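Proteins get letters first, then strands, A, B, ... in listed order; numbering begins at 1 in each. Bear in mind the structure is a predicted one, so any value in this text is a computation, not a measurement. Heavy atoms only: backbone and side chains are in, while hydrogens, waters and symmetry mates are out.
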Protein chains: 2
Amino acid sequence: MTYQLIFSALADPSRRHVFEQLRGGSRSVGELAQSLPISRPAVSQHVKVLAQAGLVDVQVRGRRSEVSARPDGLAVLREYVESYWSDVLGAFEAEITRQRDERHD
Amino acid sequence: MTYQLIFSALADPSRRHVFEQLRGGSRSVGELAQSLPISRPAVSQHVKVLAQAGLVDVQVRGRRSEVSARPDGLAVLREYVESYWSDVLGAFEAEITRQRDERHD
DNA sequence: CATTATGGTAAGTCATGACTTACCAATTAA
DNA sequence: TTAATTGGTAAGTCATGACTTACCATAATG
């Protein structure tokens with residue numbers, strides 16, 4: 001459910017570009033739009049999707065909307081990857097052990 | 001480019017389900033298909049996408065195709081997340097410092 | 001060799017979603 | 001209050017991609 005939102009949010013190149021812009025801190029929607037070859041409304045929609053995925057926070061200040069990366073959302077992805085990573089390494093180790101033990105031919 | 005393939009591969013629920021099945025080790029295409037409410041050809045196509053993303057290895061043994069998770073592919077995702085994570089934490093710290101220093105009102 | 005098991009490929013359908021332009025809302029400045 | 005700035009929403013278009021069924025290929029088995 002949450003993974004769904006996170007992965008499909010980051011699957012789009014424009015949204016990943018937006019996300020990348022936020023590595024160093026917050027940016028306004030207009031600034032984000034200027035860094036992309038698409039319209040501002042498109043960027044606005046992308047930001048909405050990123051926000052729903054929990055990857056981004058939007059803070060309205062005056063007539064500007066400041067968008068920033070949200071550590072909590074990223075943590076979900078991080079933990080998924082770490083968990084999968086350790087499971088796979090475990091499975092690999094088990095497989096190698098199995099192959100070694102099977103050498104009775 | 002690679003991120004594109006990885007994130008869009010994992011954005012699909014069926015493909016994530018396949019990927020999940022591989023946490024504990026390899027599975028044949030038929031076994032994967034049985035665990036999903038979709039046809040075997042659909043699974044075959046999903047496996048192809050996962051393989052192109054580098055997330056999965058396919059090994060043909062006799063008339064079976066054994067699919068397994070590929071640590072190298074996962075590592076790419078892992079490093080991306082870790083790198084982004086550290087950048088964002090850095091930006092947050094810088095922002096807090098900036099706000100503290102600005103308290104001259 | 002004929003049959004069964006296993007799986008990849010082709011072609012076509014259908015839904016989703018990434019855009020666009022047009023419009024509206026709200027905040028700041030003249 | 002009138003402009004200008006900034007950005008969200010609506011509606012419509014178009015491409016992509018996730019499925020299906022039908023088919024073909026190869027490997028094990030009788």
Side-chain angles (χ1 to χ4, degrees), chain A residues 1-22 25-70 73 105, chain B residues 1-22 25-70 73 105:
Chain A
M1 175 56 181
T2 303
Y3 295 143
Q4 185 54 42
L5 295 175
I6 290 175
F7 281 119
S8 54
L10 294 176
D12 183 82
S14 297
R15 277 195 297 264
R16 261 203 331 285
H17 181 93
V18 165
F19 196 56
E20 280 299 316
Q21 299 291 108
L22 306 176
S26 70
R27 296 279 180 279
S28 74
V29 170
E31 285 167 350
L32 293 171
Q34 280 170 8
S35 72
L36 275 167
I38 61 177
S39 69
R40 192 191 41 67
V43 172
S44 187
Q45 290 162 12
H46 283 314
V47 166
K48 200 174 177 183
V49 171
L50 287 167
Q52 278 166 351
L55 291 169
V56 137
D57 259 339
V58 181
Q59 210 169 357
V60 180
R61 275 216 251 172
R63 60 185 164 188
R64 291 168 61 91
S65 279
E66 292 285 335
V67 186
S68 55
R70 189 168 162 275
D105 51 347
Chain B
M1 177 58 181
T2 303
Y3 295 142
Q4 185 53 41
L5 294 175
I6 290 175
F7 281 120
S8 52
L10 293 177
D12 183 81
S14 298
R15 277 196 297 265
R16 260 203 333 286
H17 181 92
V18 166
F19 196 56
E20 280 299 316
Q21 298 291 106
L22 305 176
S26 70
R27 295 278 181 279
S28 75
V29 171
E31 285 168 350
L32 293 171
Q34 280 170 7
S35 74
L36 275 166
I38 62 177
S39 70
R40 192 190 40 69
V43 171
S44 187
Q45 289 162 11
H46 282 314
V47 167
K48 199 174 177 182
V49 171
L50 287 167
Q52 278 167 351
L55 291 169
V56 136
D57 259 340
V58 180
Q59 209 169 356
V60 180
R61 273 215 252 174
R63 60 187 164 186
R64 292 166 62 89
S65 281
E66 292 285 335
V67 186
S68 55
R70 189 168 164 276
D105 50 348

Does [X] put a side-chain nitrogen or oxygen below 4.0 Å from OP1 or OP2 of [N]?
X: A:S65; N: D:dT6; result: no
X: A:S39; N: C:dC19; result: no
X: B:H46; N: D:dG17; result: no
X: B:R63; N: C:dT4; result: no
X: B:K48; N: C:dT9; result: yes

So what does A:R61 hit on the nucleic acid, given a heavy-atom distance under 4.0 Å: a base, only sugar-phosphate, or nothing?
-> nothing
B:R64: salt bridge (charged side-chain N to carboxylate O under 4.0 Å, His left out) partners, not counting sequence neighbours | B:E31, B:E66
With the side chain of A:S44 defined as its heavy atoms from C-beta on, choose the nearest nucleotide among D:dG8, C:dT27, C:dG7.
-> D:dG8
Among the nucleotides C:dT20, D:dA18, C:dA18, which one has an atom lying closest to any side-chain atom of A:R15?
-> C:dA18
Give none if C:dG8 has no partner; otherwise give the nucleotide forming a Watson-Crick or G-U wobble pair with it, both distances under 3.5 Å.
-> D:dC23
Mate of C:dT28 where both pairing distances stay under 3.5 Å, Watson-Crick or G-U | none
Donor/acceptor link under 3.5 angstrom from B:R40 side chain onto base of C:dG7 = yes
Contact nearer the 5' end of DNA chain C, comparing A:A42 with B:P41 | B:P41
